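Notes for the one structure printed next.
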Amino acid sequence: MKNKKITRKITQGMYVLTTHNGGCIVDAVSQISTGDNPLISVAVMKNNYTNGLMHKNKTFALSVLGADVNPDIIKTFGLNSMRDINKFENTKTNEINNLKVISDSLGYMICQKIDSIENETHTLFIGKIIEADVYKEDVAMSYNYYQEHKDELIKVETEKGQTAWVCTMCGYIYYGDTLPENFKCPMCGVGTVLFEKR
């Protein structure tokens, strides 16, 4: 593949995926059927802590982020792992069907997991919407908007006096004079070509 940036032109939104005991930012979400209980698919990286939780749990929620969402939500759910912090501790949520949904969102979908498909890097989870609501009728954040405003939204700060390599996709920071050979971002899985030295 020569220029992966073309994938940013695919129309998709930004969401907080939550399930029991965890959650993360996702963008690969699609409606794949209609009817009273539409089917929704969401792709989650295999090395993401939430992926393991999704395999264990029977339900999940998707909170739709607006273009004016508090950037702390993106930082908390996108740049951290539940292995290290409790992402819900400082985030206002509502409890719907025993799942946490983000209060500062445009609305939510609660899904019952009905299937999953594995590929090399991600699991595609498919769920049936069993509950949903709209909180506000604002503009949804697109993946393209996130990419164009990422520096403002996540404001990555590095430690002074240290060489930092910042992932341009998710903001993960690696400290060291050089990146290890064949290094991949532990948060989003991209290779060294998408890291910037700061």
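Values in this document were obtained by computation on a predicted structure and should not be read as measured data. Numbers here simply count residues along the sequence, with the first being 1.
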| query | Do we see a donor-acceptor contact under 3.5 Å between the side chains of Tyr135 and Asn94? | reply | yes
| query | Does the side-chain contact (heavy atoms from CB on, under 4.5 Å) test come out yes or no for Asn47 and Lys184, once each step is laid out? | reply | CA-CA 11 Å; Asn47 66 352; Lys184 290 188 183 292; over 6 Å; no
| task | Taking the six-membered ring for Trp and the full ring for Phe, Tyr or His, determine whether the centres of Phe195 and Tyr174 are under 6.0 Å apart. | result | no
| At what distance, to the nearest 0.5 angstrom, does OH of Tyr175 lie from OG1 of Thr163? | 10.5 Å
| query | Taking all atoms of both residues into account, what is the closest heavy-atom pair of Ile102 and Thr93, and its distance? | reply | CD1-CG2, 4.2 Å
| Sub-4.5 Å side-chain heavy-atom contact between Thr76 and Asn90 | no
| task | Answer yes or no: is there an ion pair linking Asp177 with Lys197, defined by an N-O contact shorter than 4.0 Å? | result | no
| message | Can you give me the closest heavy-atom contact between Leu65 and Val69, atom names plus distance? | response | CD2-CG2, 4.0 Å
| task | Assert yes or no for the condition that the ring centre distance of Phe88 to Phe77 is strictly below 6.0 Å. | result | yes
| Do Leu194 and Ile25 share a hydrophobic cluster, counting only Ile, Leu, Val, Met, Phe, Trp and Tyr and linking them when any side-chain heavy atoms are less than 4.5 Å apart? | yes
| request: Please check if Met54 and Ile126 belong to a single hydrophobic cluster, counting links between Ile, Leu, Val, Met, Phe, Trp and Tyr side chain heavy atoms closer than 4.5 Å. | output: no
| message | Between Thr123 and Glu118, is there a side-chain donor-acceptor contact under 3.5 Å, judged purely by atom types and distance? | response | yes
| task | Mark yes or no for whether Thr19, through its side chain, and Thr59, through its backbone, hold a donor-acceptor pair below 3.5 Å. | result | yes
| field | Check: Asn70 main-chain N/O paired with Asp104 side-chain donor or acceptor under 3.5 Å | value | yes
| field | Neighbour count above 12 (heavy atom, 6.0 Å) for Lys113 NZ | value | yes
| request: Please report the shortest heavy-atom distance between Ile130 and Asn37, naming the atom on each side. | output: CA-ND2, 4.1 Å
| said: Are Ile40 and Val64 connected into the same hydrophobic cluster when the rule is that any two of I, L, V, M, F, W, Y join if their side-chain heavy atoms are below 4.5 Å apart? | reply: yes
| Crowding at CD, Glu137 (>12 non-hydrogen neighbours, <6.0 Å) | no
| request: Locate the shortest heavy-atom distance separating Thr121 from Asn119; write the atom from each residue and the value. | output: N-OD1, 2.9 Å
| request: Check the pair Met141 / Leu106 against side-chain contact (heavy atoms from CB on, under 4.5 Å), numbers first and verdict last. | output: CA-CA 10 Å; Met141 180 183 290; Leu106 302 188; over 6 Å; no
| said: In the structure I gave you, are the side-chain heavy atoms of Met109 and Phe60 within less than 4.5 Å of one another anywhere? | reply: no
| Heavy-atom closest contact (Asn80 atom, Lys87 atom, distance) | O-NZ, 2.9 Å
| query | So if you build clusters from Ile, Leu, Val, Met, Phe, Trp, Tyr with side-chain heavy-atom gaps below 4.5 Å, do Val42 and Ile32 land together? | reply | no
| said: Within a 6.0 Å radius of atom NZ on Lys46, are there more than 12 heavy atoms belonging to other residues, nucleotides or ligands? | reply: yes
| note | Here the pair of heavy atoms bringing Ala164 nearest to Ile173 is CB-CG2, 3.9 Å
| request: Please confirm whether the backbone N or O of Gly13 pairs with a side-chain atom of Asp27, one donor and one acceptor, at under 3.5 Å? | output: no
| So, the side chain of Asn51 versus the backbone of Val44: is there a donor-acceptor pair under 3.5 Å, distance only? | yes
| Between Met14 and Tyr143, does a side-chain contact (heavy atoms from CB on, under 4.5 Å) hold up when you go through it step by step? | CA-CA 6 Å; Met14 297 291 288; Tyr143 180 67; 3.8 Å; yes
| Are Tyr15 and Ile129 in one and the same hydrophobic cluster, where Ile, Leu, Val, Met, Phe, Trp and Tyr link if side-chain heavy atoms are under 4.5 Å apart? | yes
| said: Please evaluate residues Lys100 and Thr91 with respect to the criterion side-chain contact (heavy atoms from CB on, under 4.5 Å), reporting the C-alpha separation (whole Å), side-chain torsions for both, the decisive distance (0.1 Å), and the verdict. | reply: CA-CA 10 Å; Lys100 294 181 187 300; Thr91 304; over 6 Å; no
